[in-house]
Amino acid sequence: MKTLIGTTLLDRYFLRELIGSGGMADVYQAWDKLRATKMAVKVLRRDLANSPRFFQMFAQEAELLRKLEHPNIVRLYEFDKQDDLSFIVMDWIDGSNLREVLRKREKPLTLDEVSSILEPVCSALNYAHQNKVYHCDVKPGNILLHTDGRVLLTDFGVARLASDKTGGGTPQYMAPELLAGKPVNAKSDVYSMGICLYEMLSGGKVPFSGDSPSSQGSTTRDRIAWEHSNLPLPSLLQLNPSLPDSVENMVASALSKDPLRRYATMMDLREAFEQARRAARKDAGGPKTIIDLISPLLQQISSTKLPTIPSLPSQKLPQPRPQPSRPSTVLPSRGSRPIHGVAPQPIGQVRGPYLLIRSGEWSGQAIPIPAQEMTIGRGSNTQLRLRDASVSRLHATIIRTRRGIYIRDEGSSLGTYLNGQPIPPNTPTTLQTGDVIQIGYYQVFEFRQR
């Protein structure tokens with residue numbers, strides 16, 4: 001089929017290169033003449049354009065992307081039509097996807113590398129589930145790794161709302177109940193994430209591929225579905241003998257054939273992995289940023305350009321710099337209430353300046369910045385209280401004044417980072433919209449105003 005390379009859509013998006021093709025759409029690298037930047041344009045295939053069913057699926061993907069505003073979910077810029085072409089415009093990302101990383105690497109990822117990928121993906125899925133949206137196609141090919149360290153979830157083409165009865169997906173990653181045509185729920189995505197975990201920890205192998213001698217069914221899909229429902233999970237330890245038992249047991253729980261025995265939420269899955277990982281670690285040290293983990297992975301593969309999630313103009317995900325302090329909010333621990341200050345809230349409910357939680361237990365939510373100071377740390381007297389052991393008891397302070405908003409490091413052990421650079425201790429630094437703050441190893445915030 002003839003490509004659209006050289007076509008300009010809406011007198012604005014010049015399609016320069018065909019990046020990939022799927023069952024429903026083609027993805028192009030485009031040049032946005034107005035923004036003077038590269039974009040990704042996903043075009044519904046012409047042979048499907050007159051099909052009401054496929055157009056509805058394509059339009060639903062655009063609507064879901066418009067609904068889901070999260071740092072680790074690809075952001076929609078535009079959904080439009082020109083003549084017989086329907087298309088979605090998204091951010092462009094330089095990097096690769098997790099499938100390519102696993103294929104080129106040919107050996108298991110380390111637990112720290114898995115953690116750096118699992119946290120943002122679980123955060124994105126947890127946020128989608130809170131909005132009653134289920135991805136239904138979680139797999140390494142839909143997990144994007146940006147060269148600046150961001151991890152992004154893409155392709156909501158087969159996603160389903162809570163009201164939908166069944167969802168689609170890729171058989172190797174689908175939960176048994178989904179393959180049987182039963183209603184989708186959060187635990188279906190938990191199962192798919194469990195398969196991704198298995199693949200990362202095994203060196204690129206999936207547990208069920210339809211090629212077992214005992215498989216039953218006339219098609220590959222039928223055989224895979226039978227294996228998901230009937231075969232025991234192949235031992236991860238046989239593929240990765242150095243893997244701790246605690247991690248293998250955790251993956252087995254995520255891949256339970258009975259949904260009631262799986263983790264209830266994506267954050268429960270992530271926390272279970274972190275507990276297993278911490279139990280396996282022999283030293284207290286660890287990576288300082290997600291970039292420290294992702295960059296070595298990307299260096300092992302050729303750079304592949306893929307559509308990605310917009311955050312703010314080319315910002316590095318985890319990186320900090322100094323700013324004056326301000327009142328803190330208590331970031332409640334699981335099952336606890338805020339002590340004093342401001343509790344995490346859905347992004348849509350926040351007005352004024354706030355911190356978008358990009359990484360951490362409450363990823364995807366927002367912390368309103370109160371007028372005055374907000375202290376941040378593990379101590380019981382801090383207003384934004386974090387449980388992360390890498391965070392100091394009094395780590396940093398956000399300060400809100402009439403002149404502006406600042407952040408100040410309070411002499412923390414690991415430092416406070418702004419846009420990837422450590423800020424000087426006890427020196428207030430002005431915050432600008434889009435600045436990314438990192439506290440400890442895993443707590444990442446983005447400063448925003450509305």
Side-chain angles (χ1 to χ4, degrees), residues 72 98 108-130 134-135 138-140 143 151 153 173-177 185-202 206-208 228 232-237 239-240 242-282 284 286-287 290 293 331-336 344 357 359-365 386-391 440-444:
N72 302 110
L98 181 57
L109 302 188
T110 68
L111 296 184
D112 282 343
E113 289 169 339
V114 172
S115 176
S116 71
I117 294 168
L118 184 65
E119 192 282 330
V121 176
C122 284
S123 171
L125 288 169
N126 189 63
Y127 173 76
H129 295 167
Q130 290 174 342
Y134 307 112
H135 191 281
V138 180
K139 59 183 180 181
I143 297 173
V151 180
L153 182 64
Y173 301 88
M174 291 172 67
E177 67 274 11
N185 55 47
K187 293 188 177 183
S188 303
D189 282 345
V190 166
Y191 187 93
S192 298
M193 193 68 241
I195 298 287
C196 293
L197 271 175
Y198 187 102
E199 194 167 357
M200 287 187 279
L201 294 168
S202 68
V206 294
F208 306 115
H228 276 293
L233 185 68
S235 172
L236 257 178
L237 288 176
L239 300 170
N240 185 357
S242 64
L243 196 68
D245 290 342
S246 58
V247 174
E248 183 181 45
N249 294 336
M250 173 267 151
V251 174
S253 295
L255 292 177
S256 174
K257 300 184 188 305
D258 180 0
L260 295 177
R261 300 182 63 183
R262 292 178 209 150
Y263 300 107
T265 69
M266 298 306 305
M267 300 313 289
D268 287 341
L269 179 149
R270 185 244 173 182
E271 181 60 27
F273 178 83
E274 289 303 312
Q275 289 179 1
R277 182 175 71 96
R278 286 193 293 266
R281 294 184 67 169
K282 298 186 179 176
I290 296 177
L293 299 173
L331 188 52
S333 301
R334 209 174 288 251
S336 69
I357 307 172
S359 173
E361 181 178 357
W362 298 93
S363 295
Q365 298 192 59
L386 305 171
R387 298 193 306 168
D388 188 341
S390 65
V391 173
Y441 291 144
Y442 309 111
Q443 312 304 317
V444 180

Can you give me the closest heavy-atom contact between [X] and [Y], atom names plus distance?
X: L237; Y: L243; answer: CD2-O, 2.9 Å
X: F208; Y: P234; answer: CE2-CD, 4.1 Å
X: S115; Y: P120; answer: O-CD, 4.5 Å
X: L255; Y: Y191; answer: CD2-O, 3.2 Å
X: L239; Y: S202; answer: CD1-CB, 3.7 Å
X: M266; Y: N126; answer: CG-N, 4.0 Å

Distance in Å, [X] [atom1] paired with [Y] [atom2], rounded so as to fall on 0.5 Å steps:
X: N240; Y: Y198; atom1: CG; atom2: OH; result: 10.5 Å
X: M193; Y: K139; atom1: CE; atom2: NZ; result: 13.5 Å
X: L111; Y: L118; atom1: CG; atom2: CG; result: 11.0 Å
X: T265; Y: R270; atom1: OG1; atom2: CZ; result: 11.5 Å
X: M174; Y: S192; atom1: CE; atom2: OG; result: 8.0 Å
X: C122; Y: I117; atom1: SG; atom2: CD1; result: 11.5 Å

If we only count heavy atoms from C-beta on, is the V114 to R277 side-chain gap below 4.5 Å?
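Side-chain contact under 4.5 Å: no.
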Check whether any side-chain heavy atom of I357 sits under 4.5 Å from a side-chain heavy atom of Q443, and report yes or no.
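I357 vs Q443: side chains apart.
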Do any pairs count as a side-chain hydrogen bond (donor to acceptor under 3.5 Å, both in side chains) and have a residue in residues 244-264, sequence neighbours left out, and if so which ones?
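Found E177-R262, S235-E248.
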Any donor and acceptor pair, going by atom type alone, linking the side chain of N185 with main-chain N or O of S188 inside 3.5 Å?
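Yes; judged by distance alone, with no hydrogens or angles, the pair exists.
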Side-chain donor or acceptor of D189 paired with backbone N/O of H135 under 3.5 Å:
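Yes.
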Please list all pairs passing the salt bridge (charged side-chain N to carboxylate O under 4.0 Å, His left out) test where one or both residues lie in residues 192-202, with sequence neighbours left out.
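The answer is R99-E199.
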